[in-house]
Amino acid sequence: MSMIAAFYSNKSVLITGATGFLGKVLMEKLFRTSPQLKVIYILVRPKSGQTLQERVFQILNSKLFEKVKEVCPNVHEKIRPISADLNQRDFAISKEDMQELLSCTNIIFHCAATVRFDAHLREAVQLNVTATQQLLLMASQMPKLEAFIHISTAFSNCNLSHIDEVIYPCPVEPRKIIDSMEWLDDSIIDEITPKLIGDRPNTYTYTKALGEVVVQQESRNLNVAIVRPSIVGATWQEPFPGWVDNLNGPSGLIIATGKGFLRSIKATPMAVADVIPVDTVVNLTIAVGWYTAVHRPKSTLIYHSTSGNLNPCNWHKMGLQVLATIEKIPFESAFRRPNADFTTNNFTTQYWNAVSHRAPAIIYDFYLRLTGRKPRMLKLMNRLLRTISMLEYFINHSWEWSTNNTEMLLSELSPEDQRVFNFDVRQLNWLEYIENYVLGVKKYLLKEDLAGIPKAKQHLKRLRNIHYLFNTALFLIIWRLLIARSQMARNIWFFIVSFCYKFISYFRASSTLKV
Ligand SMILES: CCCCCCCCCCCCCCCCCCCCCCCC(=O)SCCNC(=O)CCNC(=O)[C@H](O)C(C)(C)COP(=O)(O)OP(=O)(O)OC[C@H]1O[C@@H](n2cnc3c(N)ncnc32)[C@H](O)[C@@H]1OP(=O)(O)O
Ligand SMILES: NC(=O)C1=CN([C@@H]2O[C@H](COP(=O)(O)OP(=O)(O)OC[C@H]3O[C@@H](n4cnc5c(N)ncnc54)[C@H](OP(=O)(O)O)[C@@H]3O)[C@@H](O)[C@H]2O)C=CC1
């Protein structure tokens, strides 16, 4: 019997960010391994014209929750959506709901965040810092609370190259930042943002670091722990391999590569690709919840959920395996044949962006115009290149994360718990994982049917022929122009033609002799 699964039976759990990538997998695993769990409260806001109930219905009826319904048929009764907006005072939770949350909650998993790299500092502080502070205040009024688990990111201190499982101080106190956001206007915030974030690449990593300091400062006498995942990727094993439902991290780039939009990228091939499967992060998080509640460590423990120091994979290996898989199971309606080149300096990056990305987009737009359609490819390409430029920082640096607490926790688990809540990344076979990841992207993100693979292969053949035809035509045009203008080009041309003529004549003569 799993001790961790037993621990969660009859517990009331509160999850923020349960509609997000990580939150959904967390909820699924909790229900699947502890079907006796009392209730999971989830703080949800209405979104895209959907009510809370419609959002929950959609999640429960997704492929991800198919297995859960077998082991916990009344799962829909155990999810209690609470209308909440983490950007509002008291999260705009009704009095009755707040009362219930305060009196019943046993464990909190705080996953909600804005993960956008281009978020305005005010927005990122509100969600990643102020909301964390408010949630801690709420937690301090919960008499039954046993543990508060905060999800941060391994990149919150990405300005350092070696990162320990400790909270690093921020030069400006989070409380001062929170206060200043209330009275500074947007233009002043824009001006001070680069100074505040310093050598971090964006407001996301900066505010996640502030969030950790808030957790440390305002945890009072709560049992608190922080989990820091690196780049969260598709599921490795559970509930099935390759599940993914958003474009964040590598997923969007896998699509862009598979569809032939992205053919080169500025990356350091040997830099560590610190991707971590979402189910591994979730298993660790659940185990941390149990350990924090049962063992009540004296100080706030930080757990790195990273792969680099235990089972490293680099971007080169990852890129090659992505391409090899796409070759076997191509994506439908590709724009160009997939290719992946890593460039290492700004000049070659700009060159390939012009030649391999923007030029084909311009030509395609020209074709769309000719056929009476609206051009759109250049706009799309420019957006993609903007996205890539925001991710570049993470594929051109390597970090070393120590994982002592994570390894200590693994050793504290019973063999059964190590199996049910496996977060031992040393067991991960990268090639197999990446293959399943690409397949998952095709099935669950692009919603492409595997029956369409022969047609997709046919399409790639057609693209290859167009590519050869185009290059030959381009070569002949350039050559023709050169011959018209340069004596040297003419001489080379006559030499090649006469050489070919002599070769063919010799070949003909020798074959006539044989007959
Ligand atoms: C050719 C060689 C390739 C190599 C070969 C093989 C490729 C695959 C192998 C892997 C290669 C390298 C992978 C590197 C991945 C590095 C990721 C680093 C992540 C660091 C994580 C830090 C960890 C965290 O804690 S945070 C969680 C992660 N957060 C994110 O990832 C958020 C990033 N996204 C954003 O901030 C925004 O989306 C933004 C600012 C980039 C764009 O915002 P915008 O307002 O323009 O609109 P959106 O609606 O959000 O999207 C616009 C457009 O871009 C598409 N898109 C979105 N995200 C991605 C993406 N990650 N990759 C590609 N495309 C993406 C989106 O679909 C939209 O498309 P449209 O068609 O225009 O609608
Ligand atoms: N994905 C990754 O690569 C990594 C993620 N992390 C961390 O993991 C955690 C989860 O990330 P992930 O699941 O990927 O992110 P998602 O963007 O998928 O999910 C974010 C969640 O936060 C919720 N949320 C955002 N704003 C509000 C709001 N105002 N009120 C209520 N809820 C809100 C979203 O709700 P809604 O559906 O309504 O938008 C959603 O449920 C984050 O803390 C992130 O920093 C750390 C490292 C890497």
Side-chain angles (χ1 to χ4, degrees), residues 14-28 41-52 54-56 58-59 62 64 81-93 108-117 119 122-132 134-135 149-158 163 202-212 214-215 226-235 243-253 273-282 284-285 302-307 391 394 399 401 437 445:
L14 166 62
I15 303 182
T16 70
T19 51
F21 180 45
L22 204 121
K24 275 185 270 200
V25 179
L26 174 62
M27 227 178 4
E28 194 276 340
Y41 297 108
I42 58 175
L43 301 191
V44 195
R45 51 182 175 171
K47 201 180 177 188
S48 321
Q50 282 185 309
T51 62
L52 307 194
E54 284 166 344
R55 294 195 72 187
V56 174
Q58 197 175 22
I59 294 174
S62 65
L64 182 71
I82 305 273
S83 176
D85 183 346
L86 271 62
N87 285 327
Q88 307 289 324
R89 185 172 285 275
D90 289 334
F91 301 155
I93 297 177
I108 297 180
F109 293 106
H110 178 35
C111 306
T114 172
V115 301
R116 295 185 65 90
F117 296 155
R122 188 195 298 286
E123 186 196 333
V125 167
Q126 174 57 48
L127 202 56
N128 298 350
V129 193
T130 315
T132 304
Q134 272 205 55
L135 191 65
I149 312 303
H150 174 74
I151 308 296
S152 185
T153 165
F155 295 96
S156 54
N157 300 293
C158 58
I163 301 157
N202 51 43
T203 54
Y204 170 68
T205 48
Y206 173 63
T207 54
K208 289 298 279 189
L210 289 178
E212 291 184 1
V214 162
V215 170
I226 297 178
V227 177
R228 285 185 185 150
S230 48
I231 302 173
V232 183
T235 52
W243 182 83
V244 58
D245 81 337
N246 73 20
L247 291 169
N248 288 342
S251 312
L253 291 196
D274 211 300
V275 174
I276 186 89
V278 63
D279 46 339
T280 309
V281 180
V282 158
L284 171 68
T285 303
I302 322 290
Y303 300 85
H304 282 160
S305 188
T306 53
S307 54
L391 303 182
F394 300 95
W399 291 268
W401 286 279
Y437 195 157
L445 260 181

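Whatever order the structure lists them in is the order used to number ligands and atoms, beginning at 1. These numbers come from a predicted model, not from an experiment. Throughout, residue positions are numbered sequentially from 1 according to the sequence presented.
Considering all non-hydrogen atoms of both residues, Lys24 and Thr19 come closest at CE-O, 3.3 Å.
The heavy atom nearest to atom 7 (C) of ligand 2, considering only Ala84, Pro229, Ser152, is found in Ser152. For atom 20 (C) of ligand 2, the candidate residues are Ala113, Ser251, Gly233; the nearest heavy-atom contact is made by Ala113. Of the candidates Asp274, Val278, Val232, Val232 brings a heavy atom nearest to atom 2 (C) of ligand 2. Remark: among candidates Tyr204, Phe394, Phe109, the nearest residue to atom 6 (N) of ligand 2 is Tyr204, based on non-hydrogen atoms.
Taking the six-membered ring wherever Trp is involved, the centroid distance between the rings of Trp401 and Tyr303 does not fall below 6.0 Å. Ring centers of Phe117 and Phe394: under 6.0 Å apart, within the cut-off.
You'll find the side chain of Thr16 stays beyond 4.5 Å of the side chain of Phe91, heavy atoms only. Looking only at side-chain heavy atoms (C-beta outward), His304 and Ile163 come within less than 4.5 Å of each other. Between Cys111 and Leu26, some side-chain heavy-atom pair lies under the 4.5 Å cut-off.
Atoms of ligand 2 lying under 4.0 Å from at least one heavy atom of Lys208, given by number and element, are 42 (C), 43 (O), 44 (C), 45 (O). Those atoms of ligand 2 that come under 4.0 Å of a heavy atom in Cys111, given as number and element, are 9 (C), 10 (C), 42 (C), 43 (O). If you number the atoms of ligand 2 from 1 as listed, the ones under 4.0 Å from a heavy atom of Ser230 come out as 47 (C), 48 (C). Near Thr153, meaning under 4.0 Å from one of its heavy atoms, ligand 2 places the atoms 46 (C), 47 (C). Shown in contact with Asn246 at under 4.0 Å from a heavy atom are these atoms of ligand 2, numbered in order with element: 18 (O). Those atoms of ligand 2 that come under 4.0 Å of a heavy atom in Arg55, given as number and element, are 36 (P), 37 (O), 38 (O). Of all atoms in ligand 2, numbered sequentially from 1 with element shown, those under 4.0 Å from a heavy atom of Asn87 are 29 (N). Residue contact check: Ile151 has heavy atoms under 4.0 Å from atoms 7 (C), 8 (O), 9 (C), 43 (O) of ligand 2.
Close N/O approach between Arg45 and ligand 2 is found [any backbone or side-chain N/O within under 3.5 Å]. Taking distance alone, with nitrogen or oxygen atoms compared against 3.5 Å, Gly20 approaches ligand 2 more closely than that limit.
Judged by distance alone, the side chain of Asp85 and the main-chain N or O of Asn87 form a donor-acceptor pair under 3.5 Å. In this structure a side-chain-to-backbone donor-acceptor pair under 3.5 Å is missing from Ser48 to Gln50.
The shortest separation from a heavy atom of Gln88 to ligand 2 is not under 4.0 Å, leaving the residue out of contact.
Checked for salt-bridge contact, Arg116 and Glu123 miss the test: no charged N lies under 4.0 Å from a carboxylate O.
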